Student: 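Take this structure, written in structure tokens, and hold onto it; I'll ask about it next.
Atoms considered below: every heavy atom in the structure, side chains included; atoms not considered: hydrogens, waters and symmetry mates. Everything numeric here is computed off the predicted structure, so don't read it as measured data. Throughout, a chain's letter reflects where its sequence line sits, starting with A, and its residues are numbered from 1.
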Protein chains: 2
Amino acid sequence: MELNHKQKNALDFIVRYLREHDRPPTLREVGKAIGVSSTNGVRYLIDALISKGYLSRSPSLSRGISLTDKTMRQHGSLRMVPLVGRVAAGSPLLAEENLEGQIAVDPTLIGRSETFALRVKGESMRDAGIMDGDILFARPQSSAQKGDIVIALLDNEATVKYFRPEGNRICLQPANPKFAPIFVEKKSPDFRILGKVIGLMRKM
Amino acid sequence: MELNHKQKNALDFIVRYLREHDRPPTLREVGKAIGVSSTNGVRYLIDALISKGYLSRSPSLSRGISLTDKTMRQHGSLRMVPLVGRVAAGSPLLAEENLEGQIAVDPTLIGRSETFALRVKGESMRDAGIMDGDILFARPQSSAQKGDIVIALLDNEATVKYFRPEGNRICLQPANPKFAPIFVEKKSPDFRILGKVIGLMRKM
DNA sequence: TAATATAATGAACATATGTTCAAAAGTCAA
DNA sequence: TTGACTTTTGAACATATGTTCATTATATTA
């Protein structure tokens with residue numbers, strides 16, 4: 001009942017393909033992945049996996065392979081009970097400007113406070129581990145402490161920077177030597193702090 | 001941008017079919033389910049759903065329909081992901097002794113695929129925007145593609161690195177010039193790939 | 001009403017994909 | 001080595017499935 005190397009390989013590929021595509025592979029795709037040139041070779045292999053209880057098949061159906069309970073258990077189907085509850089509605093201000101949808105987040109990430117999310121554009125905070133395309137979570141507030149990473153509205157553009165007050169002006173400092181700091185008057189009407197960054201999420 | 005009754009019907013069916021079969025339906029199956037007799041009628045309908053951002057398609061591919069993030073968000077709920085702590089030697093990755101807790105995650109971030117989470121230790125992937133203390137989400141798999149960021153078990157220690165196979169050894173490459181790459185024999189018993197990194201979360 | 005856009009049909013087509021078969025190649029025990 | 005068994009190949013085949021097109025029906029609007 002043991003699987004040999006090639007069978008294990010094939011099963012691995014099928015499981016992985018399913019996860020990545022939400023769709024089973026074809027015989028030819030399996031063959032290509034594990035180095036078997038004829039569809040019949042693959043068929044043979046898969047028949048073995050079926051008879052050993054790792055797979056099942058709907059005959060004549062395209063992409064008809066499916067995983068058995070046994071396989072799902074071994075590869076640990078961890079789909080758990082969904083947690084019901086709403087998390088962190090965006091602030092109305094940003095909801096209007098930048099509405100991309102709602103994102104659910106674990107409360108351990110952002111606590112109980114009101115929160116909004118923003119997608120990062122550009123590389124200016126790279127050295128703080130904030131990359132282009134990342135999603136930031138921020139707590140809305142109109143002031144900040146020295147050293148906070150803030151989301152600021154500057155000339156109708158949201159920007160993410162370190163917050164460094166200096167006398168009666170403010171230095172918005174990037175975390176990337178290729179970018180220059182921005183200085184604004186504290187009382188400038190074109191400048192406003194929207195919130196303080198408290199978390200980050202990235203899809204890779 | 002609203003969906004009419006028939007479109008909503010079709011979308012519902014596709015989501016349901018996917019959930020029940022782990023495989024997208026064919027055009028003919030959709031047509032039969034919603035009462036459209038020609039495949040082209042279904043195609044028309046699905047094109048509408050695609051242009052409205054609910055579905056996507058891999059052209060010419062059998063069962064090539066897939067759900068967009070938007071649709072997953074609407075139809076999916078929060079998912080719980082196990083947080084893996086220290087991985088004990090020999091024990092399966094997701095054995096209870098290895099688990100530190102559960103994290104709720106938006107399906108947008110990790111899709112429907114099986115996922116585990118791991119807390120990052122150290123600075124070795126700094127230049128990839130992966131910082132000390134970050135939580136990584138990974139898809140469990142025992143092999144990987146060149147260039148993937150993987151979580152690997154090396155001498156009973158979980159480590160995060162770029163995966164670069166070179167002949168019969170593997171280079172585990174940090175994203176930080178201060179760290180040296182690690183080389184391991186492909187068949188080394190002390191080495192094992194645990195999964196591929198697909199997302200990241202940071203609390204600040 | 002006419003005109004225009006939207007939906008759906010039916011049939012033909014192209015190709016993606018599973019199935020089958022005979023033969024070759026490899027494996028393993030007697 | 002022989003012989004039985006397993007595994008793979010290659011090619012032909014059948015069918016499942018996406019694509020295209022001309023046409024008709026249905027709604028919407030000027």
Student: Once salt bridge (Lys or Arg N to Asp or Glu O under 4.0 Å) is applied, what residue pairs with a partner in residues 193-204 of chain A remain, sequence neighbours excluded?
Tutor: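 For residues 193-204 of chain A: A:D134-A:R202, A:D148-A:K196, A:K203-B:D69.
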Student: Any side-chain heavy atom of B:I170 within less than 4.5 Å of one from B:F191?
Tutor: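 Yes, close enough: below the 4.5 Å cut-off.
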Student: Could you tell me which residues satisfy salt bridge (Lys or Arg N to Asp or Glu O under 4.0 Å) with A:E185, sequence neighbours excluded, listed by chain and number?
Tutor: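 Applying salt bridge (Lys or Arg N to Asp or Glu O under 4.0 Å) to A:E185 gives none.
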Student: Please set out all donor-acceptor pairs under 3.5 angstrom arising from side-chain atoms of residues 34-49 of chain A, sequence neighbours excluded.
Tutor:
unit_1 : atom_1 : unit_2 : atom_2 : d
A:S38  : OG     : A:N40  : N      : 3.4
A:S38  : OG     : A:G41  : N      : 2.9
A:D47  : OD1    : A:R57  : NH2    : 2.4

Student: Looking at B:E166, I want to see if its CD is surrounded by more than 12 non-hydrogen atoms of other residues, nucleotides or ligands under 6.0 Å.
Tutor: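 Yes - once you tally the heavy atoms of other residues, nucleotides and ligands closer than 6.0 Å, there are more than 12.
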Student: Quick one: does any side-chain atom of A:N176 pair with a main-chain N or O of A:S124 as donor and acceptor, under 3.5 Å?
Tutor: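 No, the answer is negative, given that no donor and acceptor are paired below the 3.5 Å cut-off.
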Student: What's the verdict on side-chain hydrogen bond (donor to acceptor under 3.5 Å, both in side chains) for B:S142 and A:D12, showing C-alpha distance, side-chain angles and the deciding distance?
Tutor: CA-CA 8 Å; B:S142 55; A:D12 264 9; 2.6 Å; yes
Student: Between B:Y44 and B:S62, who's closer to the 5' end of DNA chain C by nearest nucleotide?
Tutor: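 Per heavy-atom nearest nucleotide, the more 5' residue is B:Y44.
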Student: With axes from five pairs an end, tell me the bend angle of the helix from C:dT1-D:dA30 to C:dA30-D:dT1, nearest 10°.
Tutor: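 That helix has its two terminal axes inclined by roughly 30°.
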Student: Just the rounded figure in Å: distance from P of C:dG26 to NZ of A:K6.
Tutor: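 Interatomic distance, NZ of A:K6 to P of C:dG26: 12 Å.
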Student: Run the salt-bridge test on B:R63 and B:E29 with the 4.0 Å N-O cut-off and return the result as yes or no.
Tutor: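 Result for this pair is yes, salt bridge flagged.
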Student: Within residues 25-43 of chain B, find the residues that approach DNA chain D with a heavy atom at under 4.0 Å, and present them sorted by residue number.
Tutor: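 Within this stretch, B:T26, B:L27, B:R28, B:T39, B:N40, B:R43 sit under 4.0 Å of the strand.
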Student: Is the side chain of B:K70 donor-acceptor paired with the backbone N or O of B:L55 at a distance under 3.5 Å, no angle test?
Tutor: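 Not a single qualifying donor-acceptor pair exists.
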Student: What is the minimum heavy-atom distance between B:P177 and B:D127, and which atoms define it?
Tutor: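 Residues B:P177 and B:D127, closest heavy atoms: CD-OD2, 3.3 Å.
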Student: Going 5' to 3' along DNA chain D, which are the first and last nucleotides with any atom under 4.0 Å from a heavy atom of chain A?
Tutor: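 That gives a stretch of D:dT6 to D:dT17.
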